[in-house]
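Before any comments, here is the structure.
Values reported hereafter were calculated over all heavy atoms of this structure, with side chains retained and with hydrogens, waters and symmetry mates removed. If you're wondering where the values come from, they're calculated on a predicted model, not measured in any experiment.
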Amino acid sequence: MVIIIGSVREGRFGPVVASWVAARAREHGGFDIDVVDLADAEIPLSLPAASPKFAGDSYPRPDGMASLTSHLNEADAFIVVTPEYNHSYPASLKAAIDWHFTQWTAKPVAFVSYGGAAGGRHAVLHLENVLTELHAVTIRDGLAFPNYRTTWEDGQPLDPQAPGYAKTLLDQLAWWAAALRAARNSVPYPA
Ligand SMILES: Cc1cc2nc3c(=O)[nH]c(=O)nc-3n(C[C@H](O)[C@H](O)[C@H](O)COP(=O)(O)O)c2cc1C
């Protein structure tokens with residue numbers, strides 16, 4: 001499973017949330033976990049002429065994107081950790097999504113969001129819409145952290161219910177990961 005840190009901003013909070021989520025996933029068990037930081041990848045805004053939907057492995061991605069692409073290829077489940085920027089998700093995340101296509105197909109994606117009053121929920125609504133277009137399966141139970149500046153301390157959310165919500169998200173993600181892995185292995189997805 002790959003946990004994606006969606007923000008790349010200087011001074012960002014994303015790695016704190018991702019690290020807490022990774023700890024919950026390790027506790028949960030049943031996942032091989034890689035935390036993938038988009039700040040470590042080269043993700044140009046200018047895309048090649050062809051679509052990654054049809055180009056397959058010959059899609060001309062920059063060398064600095066190779067590790068990101070290989071993690072997305074290998075993953076059988078994703079957790080996207082996203083803040084909310086102007087009622088949506090960061091451009092870094094959109095660019096990373098758009099450089100790929102088959103990497104998302106018939107795989108489950110769960111969301112952990114954070115931000116101001118809305119806790120990143122506007123960002124997640126947009127992500128659900130976009131990832132459905134890429135044939136991903138979005139997970140019903142997300143985790144949203146409103147006003148994280150006052151509701152997190154020392155890398156932990158203060159809400160005592162947060163670990164329970166994380167467990168529900170991880171249970172659903174594990175269920176879908178197993179179901180979709182078996183389905184992909186038995187019948188080619190009719191994309
Ligand atoms: C460009 C920008 C736009 C933002 N817009 C929103 C917003 O619409 N809603 C919200 O709840 N927070 C908004 N925020 C506050 C962010 O949620 C907060 O800064 C958060 O820390 C950003 O995540 P990051 O630290 O991982 O970059 C915005 C922040 C930035 C930088």
Side-chain angles (χ1 to χ4, degrees), residues 1-22 25-26 31-115 120 122-139 142 173 176-177 180-181 184-185 188-191:
M1 186 245 289
V2 160
I3 298 172
I4 299 173
I5 304 176
S7 64
V8 299
R9 188 178 65 89
E10 195 180 328
R12 67 211 163 123
F13 190 63
V16 175
V17 180
S19 146
W20 181 83
V21 171
R26 277 192 290 275
F31 293 105
D32 285 331
I33 301 150
D34 284 308
V35 177
V36 170
D37 188 344
L38 296 186
D40 294 337
E42 184 185 353
I43 312 176
L45 289 180
S46 172
L47 292 164
S51 159
K53 179 174 179 178
F54 304 109
D57 290 341
S58 66
Y59 196 56
R61 297 186 179 90
D63 290 346
M65 195 183 286
S67 170
L68 169 63
T69 301
S70 132
H71 276 104
L72 299 182
N73 271 325
E74 299 294 312
D76 56 13
F78 301 100
I79 298 179
V80 174
V81 174
T82 184
E84 180 164 317
Y85 288 1
N86 298 323
H87 280 200
S88 190
Y89 56 95
S92 45
L93 197 45
K94 184 66 162 67
I97 291 169
D98 288 349
W99 271 97
H100 299 89
F101 194 101
T102 53
Q103 288 77 10
W104 309 106
T105 300
K107 296 181 184 178
V109 187
F111 303 99
V112 177
S113 62
Y114 56 98
H122 301 106
V124 171
L125 288 172
H126 288 182
L127 279 163
E128 285 171 343
N129 198 15
V130 167
L131 286 161
T132 300
E133 165 65 11
L134 303 176
H135 302 269
V137 174
T138 58
I139 299 304
L173 188 63
W176 277 107
L180 292 173
R181 189 188 314 117
R184 287 195 309 275
N185 290 339
Y189 180 75

- Interatomic distance, Glu74 atom CD to Thr69 atom OG1 [nearest 0.5 angstrom]: 11.5 Å
- Item | Where Ser7 and Ser92 come nearest, the two heavy atoms and their spacing | CA-OG, 4.1 Å
- Criterion side-chain contact (heavy atoms from CB on, under 4.5 Å) against Ser113, the qualifying member of Val17, Val124, Val81, Val80: Val124
- Query: CG of Leu134 to CD of Gln103: how many Å apart, nearest 0.5 Å?
  - Reply: 10.0 Å
- Check side chain to side chain contact (heavy atoms under 4.5 Å, CB included) between Ser88 and all other residues, then give those that pass, not counting sequence neighbours. His126
- Message: Using only atom types and a distance under 3.5 Å, with no angle test, would you say the side chain of Lys107 pairs donor to acceptor with the backbone of Leu72?
- Response: yes
- Message: Rounded at 0.5 Å granularity, tell me how far CG in Leu38 sits from CD1 in Ile4.
- Response: 6.5 Å
- Which heavy-atom pair separates Thr102 from Lys53 by the least distance, and what is that distance? CG2-O, 4.3 Å
- Message: Please give me the minimum heavy-atom distance between Pro52 and Arg61, naming the atom from each residue.
- Response: CB-NH2, 4.2 Å
- Task: Can you run down the ring pair (Phe, Tyr, Trp, His ring centres under 6.0 Å) pairs that involve residues 42-76, sequence neighbours left out, and say none if there aren't any?
- Result: Tyr59-Trp99
- Query: Just wondering, do Ile97 and Leu127 contact through their side chains at under 4.5 Å, heavy atoms?
  - Reply: yes
- CG (Asp63) with more than 12 external heavy atoms under 6.0 Å: no
- Quick one: salt bridge (charged side-chain N to carboxylate O under 4.0 Å, His left out) partners of Asp34, sequence neighbours excluded? none
- Note on the structure: Rounded to the nearest 0.5 Å, the CG atom of Asp98 sits from the CG atom of Leu93 at a distance of 9.5 Å
- Message: Arg9: which residues meet the salt bridge (charged side-chain N to carboxylate O under 4.0 Å, His left out) condition with it, sequence neighbours left out?
- Response: none
- Item | Within-4.5 Å side-chain heavy-atom neighbours: Ile43 and Val8 | no
- Between the main-chain N or O of Gly14 and the side-chain N or O of Tyr114, is there a donor-acceptor pair closer than 3.5 Å? yes
- Message: Once rounded to the nearest 0.5 Å, what's the spacing between atom CD1 of Ile79 and atom CD1 of Ile33?
- Response: 8.0 Å
- Residues which pass salt bridge (charged side-chain N to carboxylate O under 4.0 Å, His left out) with Arg12, listed by chain and number, not counting sequence neighbours: Asp37
- Query: Near Asp32 CG, under 6.0 Å, is it more than 12 heavy atoms from other residues, nucleotides or ligands?
  - Reply: no
- Thr105 OG1 to His100 NE2 distance, which is reported to the nearest 0.5 Å: 12.0 Å
- Query: Do the ring planes of Trp104 and Phe78 sit parallel (below 30°), tilted (30 to 60°) or perpendicular (above 60°)?
  - Reply: tilted
- Check side chain to side chain contact (heavy atoms under 4.5 Å, CB included) between Ala123 and all other residues, then give those that pass, not counting sequence neighbours. Thr82, Glu84, Tyr89
- Message: So Leu180 and Asp76, do their side chains get closer than 4.5 Å, heavy atoms only?
- Response: no
